[in-house]
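Taking it in order: structure first as structure tokens, then the write-up.
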Protein chains: 4
Amino acid sequence: MHIRIERGSSSPISRQIMEQIRAHCLSGTLQPGDSLPSVRKLATRLGVNVNTVVRVYERLAAEGLVEMRHGEGTFVLPQSGVSGNREQLAEQREQLEREFSAVVHRGILLGLTATELRKLLTNSIADTRANLKSEAVEQPESRPVKTESGR
Amino acid sequence: MHIRIERGSSSPISRQIMEQIRAHCLSGTLQPGDSLPSVRKLATRLGVNVNTVVRVYERLAAEGLVEMRHGEGTFVLPQSGVSGNREQLAEQREQLEREFSAVVHRGILLGLTATELRKLLTNSIADTRANLKSEAVEQPESRPVKTESGR
Amino acid sequence: MHIRIERGSSSPISRQIMEQIRAHCLSGTLQPGDSLPSVRKLATRLGVNVNTVVRVYERLAAEGLVEMRHGEGTFVLPQSGVSGNREQLAEQREQLEREFSAVVHRGILLGLTATELRKLLTNSIADTRANLKSEAVEQPESRPVKTESGR
Amino acid sequence: MHIRIERGSSSPISRQIMEQIRAHCLSGTLQPGDSLPSVRKLATRLGVNVNTVVRVYERLAAEGLVEMRHGEGTFVLPQSGVSGNREQLAEQREQLEREFSAVVHRGILLGLTATELRKLLTNSIADTRANLKSEAVEQPESRPVKTESGR
DNA sequence: GTGGTCTAGACCACG
DNA sequence: GTGGTCTAGACCACA
């Protein structure tokens, strides 16, 4: 499960993590019954405080997306509601589209051209895919913690 | 001066406003000497608290981008430093690119395809341009010349 | 709003606080629209850490019982669901009855007689009523903080 | 030896078990020399994890209430100190009274009347007695006398 | 090993 | 003034 956090971003770290895990659950990358990384592992992997991850998991649990089992771990729940997660997925996508649009808007204000934006999009898609692929092959849990790069 | 705020967004309202004004200044939509809307007008227009706008203007003033003249209003300053705003513009663009990339990443996690994203980009660009044009015809926001009245 | 916390108890402080606030909301002591004490005030009044209260409020907000408004305070929400809070009240009472019964069970194991238990009940009821009354007359916010008594 | 655990309760399972065994010891339901059920039996009977019961027995042993004899089982010890268990009994009762009072307090917050509470108390006492009696007829849980076998 | 609670203190954002 | 996020570290409970 690949998670990417943007340290300088205006949106709080916890929210970035939460939204990405939620995306994984809703889009099926994480299936019901799958276990999430333990609170501590995810915290060290992402280089954030344990409590930050705890709050993320608690909120996802309150939403009914995951379940925390004392002493066992945290697991993805099957979707409850009638229409299940389809509604939620749609909601999340709409929200995402609004944010996307806002970023583009700001990009144009900064003088970026349509061509530049398209190039940026292509690159971003390629990068993301590379990340996701490399992860699929990933050796289990040998990631460096708290490298000082990229902050 | 068109400003668009995304209510449900994770990035705080004040930051959204600040970044868009900064973008306008750096990219030349707002020229040195131009006046910003009054704190109250902008607050009303955007539906946010007056203090929020006050703090935005204060920070922009602290950055040296604008100047608040007591009793007159807030005005865009000519760029100070040697390379002036070019450095700042570049910084802002880099930041923007990181945010763009993060949004695309999340979009892909939510299952959006490259095609969908490209379509979204095209629409967003068109929307933004439409907004900017419609605004160009607006009343030119009453730019007072620096009168020596009052204090 | 009277809240009583038992420091040596096995049930965590945050849970004690949460259950009492929930009881106040469900039974009508706290009406929709009423404001809860601010996070910091309640924390100092009870002599607990601010974060503890924050977590309590967050969980009540996740339950849909209250709403936290940034910069304004925390407020009781009108009950949502169809049957409203009646179901929840009933649930809470059942839970309470089970706990009551468990305590009585343990009391009897410790050799308490029916008479002693009845006396204890009478006293407890009287104490609680006294607390609730004295609070009704209470001078607003002049309570001592962190007295070292009663731990 | 009747033990009743309340699954949804806020106080941890292990503590519930420990307190009830302690109550049985202090009040004389369990006499010095009596054997406790084996760790596995009790765990199965209560439907909890074996380790949970192990830790309970270890703590009771650390308190000096019971003794774990390797390969034989766990046995109630005669009371050590001068005043022995009288002090401990008194302590436990005080703690119990505080918990009782807290539950009553919460019951009143939930809108229960004095009459309802008294009814509840009567029922709880009756239930407990029924449980204890039915158990008295049980098979007497195989009390081995301290054989000098093994070590 | 897992999650859960609590503390203390810092800094940010909104009204 | 209000709530919100983050850190660091301690200790407890469950499997």
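Just so it is clear: chains get the letters A, B, ... in the order the sequence lines come, proteins before strands, and each one is counted from 1.
Atom NE2 of A:H70 and atom P of E:dT5 are 8 Å apart (whole Å). Look at CG on C:N49: it is 17 Å from P on F:dA8, rounded to the nearest Å. Rounded to whole angstrom, the span from the CD1 atom of B:I13 across to the P atom of E:dC14 amounts to 6 Å. For the pair A:E58 CD and E:dT2 C1', the computed distance is 15 Å after rounding to whole Å. Atom-to-atom, CD of C:E67 to P of F:dT2 comes out at 17 Å; the value is rounded to the nearest Å. Rounded to whole Å, atom C1' of E:dA13 lies 14 Å from atom CZ of B:R7. When rounded to the nearest whole Å, the span between CD of C:E19 and P of E:dT5 equals 12 Å. Between the OH atom of C:Y57 and the C1' atom of F:dT5 there is a distance of 19 Å, given to the nearest Å.
Rounding to the nearest 0.5 Å gives a distance of 9.0 Å between CD of C:E19 and CG of D:L110.
Using a 4.0 Å heavy-atom distance criterion, B:R15 is classed as making no nucleic acid contact. Nucleic acid contact class of C:R59 (heavy atoms, under 4.0 Å, all strands): sugar-phosphate only. Among the atoms of the strands shown, base atoms are found under 4.0 Å from some heavy atom of D:R55.
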Under a cut-off of 3.5 Å for both distances of each Watson-Crick or G-U pair, what dot-bracket string does DNA chain E give, using [ ] for crossing pairs and | for inter-strand pairs? ||||||||||||||.
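Between A:S14 and F:dG4, a side-chain N or O to OP1/OP2 separation shorter than 4.0 Å is absent. Listed pair C:T52 / E:dT5 fails the phosphate criterion, with no side-chain N or O lying under 4.0 Å from OP1 or OP2.
With no hydrogens or angles considered, a side-chain donor-acceptor pair links C:R4 and D:S101 at under 3.5 Å. If you check the side chains of D:Q95 and D:E91, you find no donor sitting under 3.5 Å from an acceptor.
Proximity note for C:S38 (side chain, C-beta onward) versus F:dT2, E:dG3, F:dT5: the nearest is F:dT2. For D:P12, the listed nucleotide lying nearest its side chain is F:dC14; candidates were F:dC14, F:dC6, E:dT2. Distance from the side chain of A:N51 is smallest for F:dT7 among the nucleotides F:dG3, E:dG3, F:dT7.
For a distance-only test at 3.5 Å, the side chain of C:R40 qualifies as a donor-acceptor partner of the base of F:dG3.
Across the interface with DNA chain F, nearest-nucleotide mapping of C:G73 and A:V50 shows C:G73 to be the residue nearer the 5′ end.
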Take D:Q92 and D:R22 through the test side-chain hydrogen bond (donor to acceptor under 3.5 Å, both in side chains) and record every step on the way to the result. CA-CA 9 Å; D:Q92 290 299 311; D:R22 201 192 284 126; 3.3 Å; yes
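Taking A:E58 as the reference, C:R59 meet the salt bridge (Lys or Arg N to Asp or Glu O under 4.0 Å) condition, with sequence neighbours excluded. Applying the side chain to side chain donor-acceptor pair (under 3.5 Å) test to C:E67 and every residue at least two apart in sequence or in another chain returns C:R69.
Taking the six-membered ring for Trp and the full ring otherwise, B:H2 and B:H24 have centroids separated by 6.0 Å or more.
Counting heavy atoms from C-beta on, the side chains of D:R7 and D:I13 come closer than 4.5 Å.
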